[in-house]
S.K.: 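Sharing a structure here in structure tokens format.
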Amino acid sequence: MTDGIESLQKEYLFPCVATYYQKPLTLVRGKGMHLTDSEGREYLDFFAGILTVSVGHCNDTVNKAVIDQNQTLQHASTLYINEPQVRLAKKLAEVTPGDLSKSFFTSSGTEANETAVLFARLATGHSDIIALRHAYSGRSEVALNITAHAPWRPMPSSIPYVKHAHNPYCYRCAFGLTYPGCDLRCARDIEELIQTTTNGRIAAFMAEPIQGVGGFVTAPKEYFQVVLPIVRKYGGLFICDEVQTGCGRTGGTFCGIEHWGVKPDIMTFAKGLANGLPMGATIATPAVADSYKGLSISTFGGNPVSTRGALATIEFIENNHLADNATVQGGRLRDGLEALKAKYPSIGDVRGMGLMQGIEVIDPASADGKAPDPKKVLKVFEETRRLGLLIGKGGLYGNVIRISPPMIVSSREIDDALAVLDKAFAAVG
Ligand SMILES: Cc1ncc(COP(=O)(O)O)c(C=O)c1O
């Protein structure tokens, strides 16, 4: 059935639709923790469609809700009230922290972030956005300008109101300091960034609690508590991008930012919210949402099928305590990865939270002993694929392995994945 599909992909898709692996993998089926390729080989999925398949592939509960909705009402637009959209908005208000209570739905993380930036600017009347280096925000003009990775930016910067602060990347501190003796220099530096690159009035500070594409760069626990008073002092809101960290993935809480004990004014979701259905959500405080009374529409935003799928996904996460499972299994995964780090000098850093764990691959023989080694990552990729495990990668230098299985993962599957990673690192040296 899939004969020749690889050459058809080359012929008919934009080449920027890049695929993993020397010989691209064609997937034809998924169930739970597993995916099957066109040759009938089965893989344990530890990347979950880029942190998207929260509750397992082709989850029966989500499927049932989606099929039922497909047979009832598929689309009528937001010009009419549809019940799943309203119920999802209510649910998001319940599971997000602080005063976040009004939602605007779209079809992707890009649009969710675009909406967040637009509303921060409308609500404050200010323009400048402080983003973080190594951020990934999506692929619209605004999101590409916020994205701070040259390889993901096809065009030069075009939006002068976006300024990038140093990210809290402790393993490669831009200031050459070491946490906690650094006194959070990267966070405090944001004040000078505002004073020197803006007119002293900003619309927002925008950040992912853990930078996803950036290679699971995880902010120290005090980071946001230091940054937010600075942001507020200059009139800015906090936009928290939960596209990767949301829905329980970081363990224990629904939103990643709750681990830092701060309250965003605007939050964005996509990816894992609807287990793979196209879905973007921007939730804001009433003060932000109500600041604009004019018109805005997203044809597919709030689509009854996607919103019903998102509701079913959140309920499945809650009913099966998957945020707690992320804590337990994430802890097991982390312990195993730390053990691999102790064993293999090419693993320089292990970081993340819950079921969002990254390993930074380095060349220990390099001048500073920690030069990024993206080539080794590619070798580990080929080996793990051969052994039946799918993983992800990221980081500005392409040298971070991202491990984030569906949140239904069991201890046995964690151990199996760790055993494969062990073999892969042993094989590549
Ligand atoms: C943190 C973050 N925000 C936004 C996006 C953009 O989401 P989408 O690809 O659904 O537009 C991504 C995608 O990877 C992301 O990781």
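Every number for a ligand or one of its atoms is a count from 1 in the order of the listing. Being a predicted model, the structure only gives us computed values, none of them experimental.
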S.K.: Within the structure provided, determine whether Ile210 and His259 are in side-chain contact (heavy-atom separation under 4.5 Å).
M.R.: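 The answer is no, as the side chains (C-beta and beyond) never meet within the 4.5 Å cut-off.
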
S.K.: Just jot down the ring-ring contact (aromatic ring centres under 6.0 Å, His included) partners of Phe300, sequence neighbours excluded, or say none.
M.R.: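 If we apply the ring-ring contact (aromatic ring centres under 6.0 Å, His included) test to Phe300, skipping adjacent residues, there are no hits.
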
S.K.: Between atom CH2 of Trp152 and atom OG of Ser137, what is the distance when rounded to the nearest 0.5 Å?
M.R.: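 Those atoms lie 13.5 Å apart.
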
S.K.: Which atoms of ligand 1 sit under 4.0 Å from any heavy atom of Gly138?
M.R.: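 In order of numbering, the contacting atoms are 6 (C).
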
S.K.: So, 4.0 Å and heavy atoms of Gly212: is ligand 1 close enough to count as a contact?
M.R.: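 For ligand 1, residue contact (heavy atoms, under 4.0 Å) with Gly212 is absent.
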
S.K.: So for ligand 1, is Lys271 a polar contact partner (N or O within less than 3.5 Å, distance only)?
M.R.: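 For ligand 1, there is an N or O atom that lies under 3.5 Å from one belonging to Lys271.
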
S.K.: Quick one about Ser346 and Asp373 (side-chain donor to acceptor, distance below 3.5 Å, no hydrogens or angles considered), yes or no?
M.R.: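 Note: Asp373 and Ser346 side chains miss the donor-acceptor criterion.
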
S.K.: Give the atoms of ligand 1, by number and element, whose distance to some non-hydrogen atom of Asn113 is under 4.0 Å.
M.R.: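 Reading through ligand 1 atom by atom, the close ones are 3 (N), 4 (C).
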
S.K.: Applying a heavy-atom cut-off of 4.0 Å, say which part of Ala112 lies close to ligand 1: side chain, backbone, both or neither.
M.R.: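 Near ligand 1, Ala112 shows nothing, with every heavy atom at 4.0 Å or more.
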
S.K.: For the pair Tyr397 and His134, name the ring-plane relationship: parallel under 30°, tilted 30 to 60°, perpendicular over 60°.
M.R.: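 Taking His134 first and then Tyr397, their aromatic rings stand perpendicular (interplane angle over 60°).
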
S.K.: So, does Thr110 use its side chain to make a donor-acceptor pair with the main chain of Arg139 at under 3.5 Å?
M.R.: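 Checking the backbone N and O of Arg139 against the side chain of Thr110, a donor-acceptor pair under 3.5 Å is found.
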
S.K.: Please state which protein non-hydrogen atom is closest to atom 12 (C) of ligand 1 and give its distance, to 0.1 Å?
M.R.: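 For this ligand atom, the closest protein heavy atom is Tyr136 CD2, 3.5 Å.
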
S.K.: Just let me know how Thr268 lines up against ligand 1, side chain, backbone, both or neither, with a heavy-atom cut-off below 4.0 Å.
M.R.: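 Thr268 to ligand 1: no contact under 4.0 Å from either part.
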
S.K.: Can you see whether Phe238 has Lys263 sitting over its ring - NZ or CZ less than 6.0 Å from the centre and within 45° of the normal?
M.R.: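 The answer is no, since Lys263 fails at least one limit relative to Phe238.
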
S.K.: Considering only protein heavy atoms, which is closest to atom 9 (O) of ligand 1, and at what distance to one decimal place?
M.R.: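 Heavy-atom neighbour on the protein nearest atom 9 (O) of ligand 1: Thr110 OG1, 4.4 Å.
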
S.K.: Return the option from Gly394, Ala143, Gly109, Gly246 holding the heavy atom at the smallest distance from atom 7 (O) of ligand 1.
M.R.: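 Nearest option to atom 7 (O) of ligand 1, by heavy atoms: Gly109.
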
S.K.: Main chain of Glu208, side chain of Glu242: is a donor-acceptor contact present, judged purely on distance under 3.5 Å?
M.R.: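 Not confirmed, Glu242 side chain does not pair with Glu208 backbone.
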
S.K.: At what distance is the nearest protein heavy atom to atom 3 (N) of ligand 1, and which residue and atom is it?
M.R.: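 Ranked first by proximity to atom 3 (N) of ligand 1 is Asp241 OD2, 2.7 Å.
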
S.K.: Can you report which non-hydrogen protein atom sits closest to atom 16 (O) of ligand 1, along with the distance?
M.R.: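 Ranked first by proximity to atom 16 (O) of ligand 1 is Gln244 NE2, 2.8 Å.
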
S.K.: Hey, does the Lys NZ or Arg CZ of Arg121 hover above the aromatic six-ring of Tyr161, less than 6.0 Å from the centre and inside 45° of the axis?
M.R.: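 Cation-pi check for Arg121 and Tyr161: passes.
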
S.K.: I'd like to check which ligand 1 atoms, numbered from 1 as shown, lie under 4.0 Å from a non-hydrogen atom of Ser108.
M.R.: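 Near Ser108, the atoms of ligand 1 are 10 (O), 11 (O).
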
S.K.: Under 4.0 Å from a heavy atom of Glu208: give me the atoms of ligand 1 that qualify, with their elements.
M.R.: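 Heavy-atom distances to Glu208 below 4.0 Å select 1 (C).
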
